Amino acid sequence: MSDIAQSTSQSPSKSDQSGHDHHGPAKGITRWIYTTNHKDIGTLYLWFSFIMFLTGGCMALVIRSELFQPGLQLVQPEFFNQMTTMHGLIMVFGAVMPAFVGLANWMIPMMVGAPDMALPRMNNLSFWILPFAFAMLLSTLLMEGGGPNFGWTFYAPLSTTYAPPSVTFFIFSVHMMGISSIMGAINVIATILNMRAPGMTLMKMPLFVWTWLITAFLLIAVMPVLAGVITMMLMDIHFGTSFFDAGGGGDPVLFQHLFWFFGHPEVYIMILPAFGIISHIVPAFSRKRLFGYASMVYATASIALLSFIVWAHHMFTVGLPLAGELFFMYSTMLIAVPTGVKVFNWVSTMFRGAMTFETPMLFAIGFIVLFTIGGFSGLMLAISPADFQYHDTYFVVAHFHYVLVPGAVFSIIAGAYYWLPKWTGHMYDECLGKWHFWLSMIGVNLTFFPMHFIGLAGMPRRIPDYALQFADFNMIASIGGFLFGFSQLLFLYIVIKCIRGGKQAEANPWEGAEGLEWEVPSPAPYHTFSTPPEVK
Amino acid sequence: MATVSHSSDAHDSHDANHNSGDHQSYYVPHQSHWPIVAASGLFLLMFGTGQMINHPDSPLRWLSVVGALIIIWMFFGWFRNVIEESMGGLYDEQMDRSFRWGMGWFIFSEVMFFAAFFGALFYVRQLAVPWLAGDGSNAMTHELLWPDFVAQWPLMTPPDTSAYSGPQQIIDPWHLPLINTVLLVTSSVTLTFAHHALRANKRGALASWLALTLLLGAAFLVIQAEEYVEAYTKLGLTLESGIYGGTFFILTGFHGLHVTMGSIILLVMLLRILKGHFTPQQHFGFEAAAWYWHFVDVVWLGLFLFVYVF
Ligand SMILES: [Cu+2]
């Protein structure tokens, strides 16, 4: 029997026993609650992430309002501490990570030619744990003694001996996020390793798939360490152990080691998928193949491996032995090499390309420029003796916001614009998209660039009041913060408008885009690649 | 293979997923309500446990029990679902590989969970305790905090004796822990015999070897419990006895929990075998349980060496 005959005959196959393969989505709310469909789950993740982005953003605006002028105006210092803590936790675990998982859900099966994620029911569970976890985390704000107030890094003994009672619920909610992340990562790895279409060898995989493969490995390696460290906190708080108490022979610095063994790979978990997205968008709008595909893969892998041996660069001022200071300084600086390879490759891809500047490309170029600035300030912070001056100042705040906001967040937005036509079947409003970009670009730089200066001048982070000399730059940062925050409502409007209508999108709306996801129609059918395509 | 040259019609959806002959398409289950049951059960368990810890008198503490029951119900239902699909022939080799990758990476995550506690143990022994006694450049730390403190491992006298009284004695590795080592290593061997019996389709031998494995696991747990009772009642070795007690109980405690989990999994496997499940060719459920059991065994060897002996 020929293949064509097979594909048209209605011979019953085993997949028909389940009787669902041809169906579209179920009706009503159960579609979203019971779904096993990677596109539905991707959508859920992305919307959840956006809601968390706005929630954490509101907290950032509380912080920026208080810091608009010196002195205490709006909030109590205790509440200010809860805002800085919750803002960080929500943005990291609720906004950035779920957004990347949402993009992975939507795109990876289509990019590798798979019918769905490898373990679709577990995929649903990974998502649905999150609303519960964040409901519990947010509810701590209403508890007696207030919510977590010890910073998103929750250093002991601030988070143990001196923590509010709600820390118990904080610990359990982080446990839930960890369970969700590990299951999500296992699903991504199993999908990539097992579900690729015939002919798609590892070195033919799209870079978003590669970067997520490595990200998933990082997640599985470090989320359990986070679970371990919060369990030790729980034991110290409630069961009389002394892991982080020197009086019993433990050490508060042990907390920092364990936390940053998780925490440093965690920052790469939030940036490697971004590298993947940018590596799709830049070639598409330069109408050239990506420069140095293989070196991109190796650079990603090197960054991931190095991320396990650099954690104590967050702890230079805590009293490390000199050998430790030197080791962690040099190993950290080494990361600049593979990161530099990436930036070089993106720029080389654009070099002499037939470039156009649609919104995804604008955000991608914004990413390259501003992420590089964040990378350079990271290199400054890696210099141990210099870090004694920068540590816990606004310079650090400027650094990691540059890599996370115009870094991770810009890449997510770029990816959203790039794939919106595929998701919705409509083109977004290009004019409004450009407005969104420029407002975000100006807002983000107004907010975070002055922080370099006030940080170098010595303004400490996480303090609701400051000396008069920092007043001007703080006011500029606050204005920028509101500009950036409200620009994101424009993004919301553009996305809703795009879902509800707009110019019909072709299967491949971008002249230079390549990959299997552009070979299925737009909007992508509910089930794609039930039979794997052949990749040559 | 029917997959060849489908690329063109695969793109315009629908009719492409009819295959026959040797190719079977990857089974994507229809909607399932088990995940949301699991997520709500987990939430109730976590929230209720938090209440139990923070407000022991609050009636909300019972939510933890409700959550635990929901999770148990969910495991029954979800796995029954999967077993029925598997025995209904819906799974192909690719699905089998997904399960293998899934279980393998799950065990890797468990390895990293224990790595955190082993890391803490090594850090405390090699660095934190000696530093408190003035090692390295920490002479002033020693002088200013607890000048009488002497570094030793096992740490019998914690620095701040008013807050933490150290253990009077520690567990002798060559009695109960040695017996436990023998039990657990033997159980790994008997489990391997069971696996061989399954592959040779000797159902009687399979059930007996597996039952013996379970018995050894249960004996391990009984002895571990006896050791804990002894530690608390006779040796003064408790969670509160400074960092030695902390590292001892967190490592052996989580290991014991894993043995308990592994035993429950093996018990389920035994019941399934008695019901006639698994074939010599297809028995990944059994293999996954065996992987887990061997992993727990390896962790124990690390514990025996670094917690008890050295
Ligand atoms: Cu770092």
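Because only heavy atoms are used, hydrogens play no part in the values below, and waters and symmetry mates are left out as well, while side chains stay in. No experiment lies behind these values; they were computed from the predicted model shown. By convention in this document, chain letters (A, B, ...) are assigned in the order of the sequence lines, proteins followed by strands, and residues within each chain are numbered from 1.
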Self-check item: Backbone of B/His55 reached by a side-chain donor or acceptor of B/Ser58 within 3.5 Å
Solution: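 Checked: no pair found.
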Quiz prompt | Heavy-atom donor-acceptor pair, A/Asn124 side chain to A/Thr35 backbone, under 3.5 Å | solution =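 Yes, A/Asn124 side chain to A/Thr35 backbone: donor-acceptor pair under 3.5 Å.
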Exercise. Look at the side chain of A/Thr160 and the backbone N and O of A/Ala156, then say whether any donor-acceptor pair between them is shorter than 3.5 Å.
Key: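 Side chain of A/Thr160 to backbone of A/Ala156: no pair is present.
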Quiz item: Under 3.5 Å, is there a donor-acceptor pair between the A/Thr168 and B/Asn54 side chains?
Solution: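 Yes, side-chain donor-acceptor contact under 3.5 Å.
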Quiz prompt | chain A contact via B/Tyr123 - which portion, at a heavy-atom distance below 4.5 Å | solution =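 For B/Tyr123, the contact with chain A is made by the side chain alone.
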Self-check item: Segment of B/Gln51 engaging chain A (4.5 angstrom heavy-atom cut-off)
Solution: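 When you check distances to chain A, atoms from both the backbone and side chain of B/Gln51 fall under 4.5 Å.
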Quiz item: Using non-hydrogen atoms only, which part of B/Tyr244 is less than 4.5 Å away from chain A: side chain, backbone, both, or neither?
Solution: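 B/Tyr244 has no heavy atom closer than 4.5 Å to chain A.
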Self-check item: Close aromatic pair by centroid cut-off 6.0 Å: B/Phe79 and B/Phe76
Solution: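 Not under 6.0 Å, so no.
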Quiz prompt | Residue selection (most heavy-atom pairs with chain B, distance under 4.5 Å) from A/Met232, A/Met117, A/Met235 | solution =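 So the answer, after comparing A/Met232, A/Met117, A/Met235, is A/Met232.
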Quiz item: Is the gap between the ring centers of B/Trp73 and B/Trp34 under 6.0 Å?
Solution: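 Between B/Trp34 and B/Trp73, which both carry aromatic rings, the centre distance is below 6.0 Å.
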Quiz item: Is it the backbone or the side chain of B/Ala163 that comes under 4.5 Å from a heavy atom of chain A, or both, or neither?
Solution: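 Answer is neither: B/Ala163 stays 4.5 Å or more from chain A.
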Practice problem: Among the options B/Gly104, B/Pro159, B/Ala38, B/Ala128, pick out the one with the most heavy-atom pairs lying under 4.5 Å from chain A. | Solution: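 Heavy-atom pairs under 4.5 Å are most numerous for B/Pro159.
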Quiz item: Between the main-chain N or O of A/Pro525 and the side-chain N or O of A/Thr528, is there a donor-acceptor pair closer than 3.5 Å?
Solution: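 Looks like no, no N/O pair under 3.5 Å.
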Quiz item: With only heavy atoms counted, which part of A/Phe261 is less than 4.5 Å from chain B, the side chain, the backbone, both or neither?
Solution: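 The answer is the side chain of A/Phe261.
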Self-check item: Options A/Ser242, A/Pro131, A/Gly228, A/Ala190, ranked by heavy-atom pairs under 4.5 Å with chain B, top entry
Solution: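 Max contact count across the listed options: A/Ser242.
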Exercise. Using non-hydrogen atoms and a 4.5 Å limit, figure out which bit of B/Ser40 sits close to chain A: side chain, backbone, both or neither.
Key: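 Both parts, backbone and side chain.
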Quiz item: Hey, which of A/Ala114, A/Ser126, A/Gly249 has the most heavy atom pairs under 4.5 Å with chain B?
Solution: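 The candidate making the most pairs under 4.5 Å is A/Gly249.
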Quiz item: With only heavy atoms counted, which part of A/Leu258 is less than 4.5 Å from chain B, the side chain, the backbone, both or neither?
Solution: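 Side chain only.
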Quiz item: chain A heavy atoms under 4.5 Å from B/Ala115: which part of the residue, side chain, backbone, both or neither?
Solution: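 Contact with chain A involves no heavy atom of B/Ala115 at all.
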Self-check item: Option in B/Val129, B/Asn138, B/Ile53 with maximal non-hydrogen atom pairs under 4.5 Å from chain A
Solution: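 Among B/Val129, B/Asn138, B/Ile53, the one with the most close pairs to chain A is B/Ile53.
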Practice problem: Could you have a look at B/Ile250, B/Leu45, B/Leu127, B/Thr157 and say which one has the most heavy-atom pairs with chain A under 4.5 angstrom? | Solution: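 So the answer, after comparing B/Ile250, B/Leu45, B/Leu127, B/Thr157, is B/Ile250.
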Quiz item: Going by atom types only, do A/Thr241 and A/Asp236 share a side-chain donor-acceptor pair under 3.5 Å?
Solution: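 Distance-only check passes for A/Thr241 and A/Asp236.
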Quiz item: Under a 4.5 Å heavy-atom cut-off, does chain A meet the side chain of B/Tyr164, its backbone, both or neither?
Solution: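 Contact with chain A: side chain only.
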Quiz item: Considering only heavy atoms, which portion of B/Thr49 lies under 4.5 Å from any heavy atom of chain A: side chain, backbone, both, or neither?
Solution: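 Both backbone and side chain.
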Exercise. Check each atom of B/Phe43 against the heavy atoms of chain A and say whether the ones under 4.5 Å are side chain, backbone, both or neither.
Key: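 B/Phe43 touches chain A through backbone and side-chain heavy atoms alike.
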Quiz item: Between A/His175, A/His238, A/Met183, which shows the greatest number of heavy-atom pairs under 4.5 Å with chain B?
Solution: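 Most heavy-atom pairs within the cutoff with chain B belong to A/His238.
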Self-check item: Contacting region of B/Ser137 [heavy-atom separation from chain A under 4.5 Å]
Solution: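 Contact with chain A involves no heavy atom of B/Ser137 at all.
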Practice problem: State, without any angle test, whether A/Asp116 and B/Tyr26 hold a side-chain donor-acceptor pair at a distance under 3.5 Å. | Solution: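 No, no side-chain donor-acceptor pair sits under 3.5 Å.
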Quiz item: Can you say whether A/Asp245 sits under 4.5 Å from chain B via the side chain, the backbone, both, or neither, judging by heavy atoms?
Solution: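 A/Asp245 touches chain B through side-chain heavy atoms alone.
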Self-check item: Per-residue contact mode, A/Leu254 against chain B (heavy atom under 4.5 angstrom)
Solution: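 Contact with chain B is through both the backbone and side chain of A/Leu254.
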Quiz prompt | A/Ser181 side-chain N/O to A/Met177 backbone N/O, donor-acceptor pair under 3.5 Å | solution =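 Indeed, once roles are kept as given, a pair shorter than 3.5 Å links the two residues.
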Quiz item: For A/Ile179, is it the side chain, the backbone, both or neither that has a heavy atom under 4.5 Å from a heavy atom of chain B?
Solution: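 It is the side chain, since no backbone atom gets that close.
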Quiz item: If you count heavy-atom pairs under 4.5 Å between each of A/Leu226, A/Leu119, A/Ile189 and chain B, which one has the most?
Solution: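 Most pairs with chain B among the choices: A/Ile189.
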Quiz item: So which of B/Phe249, B/Phe149, B/Trp146, B/Trp78 has the biggest tally of heavy-atom pairs under 4.5 Å with chain A?
Solution: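 Highest number of pairs under 4.5 Å: B/Trp78.
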Exercise. Would you mind checking which part of A/Pro165 comes under 4.5 Å of any heavy atom in chain B, side chain (CB onward), backbone (N, CA, C, O), both or neither?
Key: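 Contact with chain B involves both backbone and side-chain atoms of A/Pro165.
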Quiz item: Is it true that a side-chain atom of B/Arg125 and a backbone atom of B/Leu121 form a donor plus acceptor pair closer than 3.5 Å?
Solution: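 Answer holds: no.
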Quiz prompt | Part of B/Thr247 within contact of chain A (heavy atom distance under 4.5 Å) | solution =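 The answer is both parts of B/Thr247.
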Quiz prompt | Under 3.5 Å side-chain donor-acceptor pair for B/His33 and A/Thr30 | solution =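 There is no such pair between these side chains.
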Self-check item: Residue part contacting chain B, namely of A/Ile182, when any heavy atom lies under 4.5 Å
Solution: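 The answer is the side chain of A/Ile182.
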Quiz item: Do the ring centers of B/Phe47 and A/Phe169 come within less than 6.0 Å of each other?
Solution: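 Centroid distance B/Phe47-A/Phe169: below 6.0 Å, so yes.
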Self-check item: A/Arg31 atom CZ: more than 12 heavy-atom contacts under 6.0 Å
Solution: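 Buried by this count: over 12 neighbours within 6.0 Å.
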Quiz item: Do the side chain of A/Thr140 and the main chain of A/Ser166 share a donor and acceptor less than 3.5 angstrom apart?
Solution: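 Side chain of A/Thr140 to backbone of A/Ser166, a donor-acceptor pair under 3.5 Å: no, none is there.
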Exercise. Heavy atoms only, distances under 4.5 angstrom: which of A/Ile220, A/Asn194, A/Leu125, A/Val225 has the most pairs with chain B? Name it, please.
Key: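 Most heavy-atom pairs under 4.5 Å with chain B: A/Asn194.
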Quiz item: Any Lys/Arg nitrogen of A/Arg121 or B/Glu85 sitting under 4.0 Å from an Asp/Glu carboxylate oxygen of the other?
Solution: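 A salt bridge links A/Arg121 with B/Glu85.
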